[in-house]
Amino acid sequence: RNSVKIFVNEIERDLPLGATVAEVAKRFKPGADVLIRNGFPAVPDAAVTPGDQIALIKRGEKPTADELEALMCSRHTPGVHAAAKRARVGIAGLGGLGSHVAMALARVGVGHLVLVDFDVVEPSNLNRQLYFVDQIGMTKAEALTKNLEAASPCVELASHVERITPDNVTELFGGCDIVVEAFDVAAQKAMLVEAVLSQLPDATMVAASGLAGTGPGE
């Protein structure tokens, strides 16, 4: 056989046997100055091999939605992005912890996020939460949705302006693979953990406590 099948920005291509990464870039994206091969920086003169995943990036160029998806994929080893994209993560509380967790997950390529918080953005939030001055007065769910869409338009978002109780945990987070507890108050933390463990046995519960320094360090 005189050709090899590889993927260039997630599209299957046939290349002549012995074709190099640089030749792939010249053919499919002239001017590309970042070349990624199977999740790692590529050696331009290296010959491609069957099944290679090649991502071609031109610095400063705004990608289309499909290209962005391909570029996200190139940041992971093959198969990892697909797994992240399938994941559905619920985030309970969108303050200093939850807002940053949501952004990190969106940027890394998690495909579905469920955002829940009843509160609004206040000036006192701006020193540590992922909001901006012109969002003061907006609900955190609405404001964070806008910020995540700007950073990662591929993520699917479901936002809810609600106070979480044992009675609506299943309605809000049913179907989530992971539920992140990002509350401030100990009683609310305990309530959510107990509700998720009892009502959503297939979900993984991720909780964090002791971050605010409200008591002695010892």
What donor-acceptor contacts under 3.5 angstrom involve side-chain atoms of residues 173-182, with partners at least two apart or in another chain?
| from | atom 1 | to | atom 2 | distance (Å) |
| --- | --- | --- | --- | --- |
| Asp177 | OD2 | Arg88 | N | 2.8 |
| Glu181 | OE1 | Ala208 | N | 3.3 |
| Glu181 | OE2 | Phe183 | N | 2.8 |
| Glu181 | OE2 | Lys189 | NZ | 2.9 |

What donor-acceptor contacts under 3.5 angstrom involve side-chain atoms of residues 39-52, with partners at least two apart or in another chain?
| from | atom 1 | to | atom 2 | distance (Å) |
| --- | --- | --- | --- | --- |
| Thr49 | OG1 | Asp52 | OD1 | 3.0 |
| Thr49 | OG1 | Asp52 | OD2 | 3.3 |
| Asp52 | OD1 | Asn38 | ND2 | 3.1 |
| Asp52 | OD2 | Arg37 | NE | 2.9 |
| Asp52 | OD2 | Arg37 | NH2 | 2.9 |
| Asp52 | OD2 | Thr49 | N | 2.8 |

Side-chain polar contacts of residues 151-159 - donor-acceptor pairs under 3.5 angstrom, sequence neighbours left out - could you list them?
| from | atom 1 | to | atom 2 | distance (Å) |
| --- | --- | --- | --- | --- |
| Ser152 | OG | Ala106 | O | 3.1 |
| Glu156 | OE1 | His112 | ND1 | 3.1 |

Per-pair distances, 0.1 Å, donor-acceptor, side chain in residues 25-32, under 3.5 Å, sequence neighbours excluded:
| from | atom 1 | to | atom 2 | distance (Å) |
| --- | --- | --- | --- | --- |
| Lys29 | NZ | Glu61 | OE1 | 2.7 |

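Scanning both residues, Val193 and Ala207, for their nearest heavy atoms gives CG2-CB, 4.3 Å. Here the shortest heavy-atom pairing between Val196 and Ala203 reads CG1-CB, 4.5 Å. The two residues Leu192 and Met205 come nearest to each other via the heavy atoms CD2-CE, 4.0 Å. Considering every non-hydrogen atom in both Ala143 and Val121, the closest pair reads CB-CG2, 4.1 Å.
In this structure the side chain of Glu12 reaches within 4.5 angstrom of the side chain of Phe7, judged on heavy atoms. Two residues are said to be in side-chain contact when any heavy atoms from C-beta on lie closer than 4.5 Å; Val24 and Thr20 fail this criterion. The shortest side-chain heavy-atom distance between Leu105 and Leu113 falls under the 4.5 Å cut-off. Annotation: side chain of Ile136 is in contact with side chain of Pro123 (closest heavy-atom distance under 4.5 Å). Residues Leu35 and Ile54 have side chains not in contact (no heavy-atom distance under 4.5 Å, counting atoms from C-beta outward). A 4.5 Å side-chain heavy-atom check between Val114 and His160 finds at least one atom pair inside the cut-off. At least one side-chain heavy atom of Arg59 sits less than 4.5 Å from a side-chain heavy atom of Val34.
Within the model, atoms CG of Leu130 and CG of Leu144 stand 6.5 Å from one another, a figure rounded to the nearest 0.5 Å. Here CD of Gln199 is found 11.0 Å from CD of Glu194. Values are rounded to the nearest 0.5 Å. Note: Glu142 CD to Leu115 CG = 12.0 Å, rounded to the nearest 0.5 Å. Note that OH of Tyr131 is 5.5 Å distant from NZ of Lys140, once rounded to the nearest 0.5 Å. For the atom pair Asp14 CG and Asn2 CG, the distance stands at 11.5 Å (nearest 0.5 Å). A distance of 10.5 Å separates CG in Asn9 from CD1 in Ile36, rounded to the nearest 0.5 Å.
For Asp184, there are no salt bridge (Lys or Arg N to Asp or Glu O under 4.0 Å) partners, not counting sequence neighbours.
A single hydrophobic cluster is seen to contain both Leu17 and Val8, as judged by linkage of ILVMFWY side chains at heavy-atom distances under 4.5 Å, directly or through other members. Hydrophobic clustering of Ile, Leu, Val, Met, Phe, Trp and Tyr side chains at less than 4.5 Å, counting indirect connections, keeps Val101 apart from Leu172. Hydrophobic cluster membership differs between Ile91 and Ile164, with clusters built from Ile, Leu, Val, Met, Phe, Trp and Tyr side chains linked at under 4.5 angstrom. Val185 and Val116 are not part of a single hydrophobic cluster, where members link through side-chain heavy atoms under 4.5 Å apart. In the hydrophobic clustering of this structure, Val161 does not group with Met138; members are Ile, Leu, Val, Met, Phe, Trp, Tyr whose side-chain heavy atoms approach within less than 4.5 Å, directly or through other members.
Panel note: side chain Asn168, backbone Arg163; a donor-acceptor pair is recorded below 3.5 Å.
Annotation: side-chain hydrogen bond (donor to acceptor under 3.5 Å, both in side chains) contacts involving residues 91-109, sequence neighbours excluded, are absent.
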